[in-house]
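Beneath this line is the structure, given in structure tokens, with notes to follow.
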Amino acid sequence: IDEILKLKATEEDNYAKYIQLADSLYDLSELHLSILNYKKALAIKNGEPYPTKRLKEAEELLADKTKLDDSYNEAVSNGDSFFDASKYSQAMDAYRLANRIKPEEQYPLYKMEDINTIVEQHDIRVVNDRFQKLIESADQLYASQSFKLALEKYESAAILKPNEIYPPQQIDKIKQLFAQEEVLNSQFDRIIKSADSLFYLNEFDL
């Protein structure tokens, strides 16, 4: 009887230890280990309501977590594939999905930051290339005295990069040329009108 009671006490101790350990692991979301210890408790007390209930809950949570992990891993994998192929828009969508599935994970956030940096740098390069082409075209038109067309190019370049000094300088030069031309045209018109009046009055010497 003493041996039976001693064995019974040992089983009770082991059962309590397994339950306590399983509960702690459950709270830490260590579901695999939690399930293992609930099963050990049930091996001692088969059909006991508490570990049976907790085992079912842990297994359901593990199944849900597995699905969540699979969805997250798939989204990250798709994002990485698109990223490696330089398809940054699709990669961003995939990493956003991964972030929604597991907001606590940092990897999708880091990759989204990388994409934003790459896109920003790409946009800067595009703007610089466009600006340079506009300036080159404007300079050629200016050199060939096609001032109106040159002005349009310089104005487009100034809109593209407002902080650049060169386009406004060239715009001012062209506008000064237009102003001087307007003055000369006005003077020319006045002289012609005066000459015509004198011609009709037969004042040929004047």
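Here the structure is a predicted model, which is why all the values come from computation and not from measurement. Position 1 is the first residue of the sequence; numbering continues from there.
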Do Glu48 and Tyr15 have side chains that approach each other closer than 4.5 Å (heavy atoms only, starting at C-beta)?
yes
Closer than 3.5 angstrom, by distance alone: can the side chain of Ser34 be matched with the main-chain N or O of Glu30 as a donor-acceptor pair?
no
For the pair Lys111 and Asp114, evaluate side chain to side chain contact (heavy atoms under 4.5 Å, CB included) and give the outcome as yes or no after the intermediate values.
CA-CA 5 Å; Lys111 297 303 289 185; Asp114 289 344; 4.1 Å; yes
Run the salt bridge (Lys or Arg N to Asp or Glu O under 4.0 Å) test against Lys153 and tell me which residues pass, sequence neighbours left out.
none
Taking Tyr95 for the side chain and Gly79 for the main chain, is one N or O donor matched with an acceptor at less than 3.5 Å?
yes
Say whether Ile159 and Tyr166 are linked into one hydrophobic cluster, either directly or through other cluster members, by side-chain heavy-atom distances under 4.5 angstrom.
no
Do Thr52 and Lys56 come within less than 4.5 Å of each other through their side chains, counting heavy atoms only?
no
So, taking the atom named CG in Asn14 and the one named NZ in Lys40, what distance separates them when rounded to the nearest 0.5 Å?
10.0 Å
Roughly how far, to the nearest 0.5 Å, is the CD atom of Glu113 from the CD1 atom of Ile115?
11.0 Å
Please check this pair: side chain of Asn78 against backbone of Glu74, looking for a donor-acceptor N/O pair closer than 3.5 Å.
yes
Atom pair CG/CD of Asn99 and Glu104 - distance to nearest 0.5 Å:
9.0 Å
Group every Ile, Leu, Val, Met, Phe, Trp and Tyr by side-chain heavy-atom contacts under 4.5 Å, then state whether Ile44 and Leu21 land in the same group.
no
Under 6.0 Å from the CG atom of Leu28, do we count more than 12 heavy atoms belonging to anything else shown?
yes
Check this for me: Asp123, atom CG, are more than 12 non-hydrogen atoms of other residues, nucleotides or ligands nearer than 6.0 Å?
yes
Cluster check Ile35, Leu61: I/L/V/M/F/W/Y, side chain < 4.5 angstrom:
yes
Looking at Arg96 and Asp93, is there a salt bridge between them, counting it only when a charged N and a carboxylate O are closer than 4.0 Å?
yes
Paired with Leu31, the side chain to side chain contact (heavy atoms under 4.5 Å, CB included) test is passed by just one of Thr66, Leu36, Leu62, Asp64, namely Leu62
Roughly how far, to the nearest 0.5 Å, is the OG atom of Ser24 from the CD1 atom of Ile19?
11.0 Å
Do Ile171 and Phe147 land in one hydrophobic cluster if side-chain heavy atoms of ILVMFWY residues count as linked below 4.5 Å?
yes
Is it the case that one hydrophobic cluster holds both Leu109 and Tyr107, taking links as side-chain heavy atoms less than 4.5 Å apart, direct or via other members?
yes
Side-chain ion pair, Lys45 and Glu12, N-O less than 4.0 Å
yes
Side-chain heavy-atom pair Phe82, Tyr88 within 4.5 angstrom cut-off:
no
What's the spacing between Asp139 CG and Leu134 CG if we round to 0.5 Å?
11.0 Å
Does a side-chain N-to-carboxylate-O contact under 4.0 Å join Lys148 and Glu152?
no
Would you check, one step at a time, whether the test side chain to side chain contact (heavy atoms under 4.5 Å, CB included) holds for Tyr154 with Leu141?
CA-CA 10 Å; Tyr154 286 127; Leu141 291 166; over 6 Å; no
Might you point out which heavy atoms bring Tyr142 and Ala150 nearest each other, and give the distance in Å?
N-CB, 3.7 Å
Going by atom types only, do Asn128 and Lys161 share a side-chain donor-acceptor pair under 3.5 Å?
yes
Under 4.5 Å between any side-chain heavy atoms of Leu25 and Tyr38, yes or no?
no
Residues Asp69, Lys65: salt bridge by 4.0 Å N-O rule:
yes
List the steps, then state whether side chain to side chain contact (heavy atoms under 4.5 Å, CB included) holds for Tyr26 with Asn37.
CA-CA 10 Å; Tyr26 184 94; Asn37 282 279; over 6 Å; no
Before giving the answer on side chain to side chain contact (heavy atoms under 4.5 Å, CB included), spell out for Tyr72 and Val76 the whole-Å C-alpha distance, their side-chain angles and the decisive distance to 0.1 Å.
CA-CA 6 Å; Tyr72 172 80; Val76 167; 3.6 Å; yes
Rounded to the nearest 0.5 Å, what's the gap from CG on Leu151 to CG on Asp172? Could you check?
10.0 Å
Tell me, yes or no, whether the heavy-atom count around Tyr50 atom OH, taken from other residues, nucleotides or ligands under 6.0 Å, exceeds 12.
yes
With a 4.0 Å cut-off, would you call Glu57 and Arg54 a salt bridge?
yes
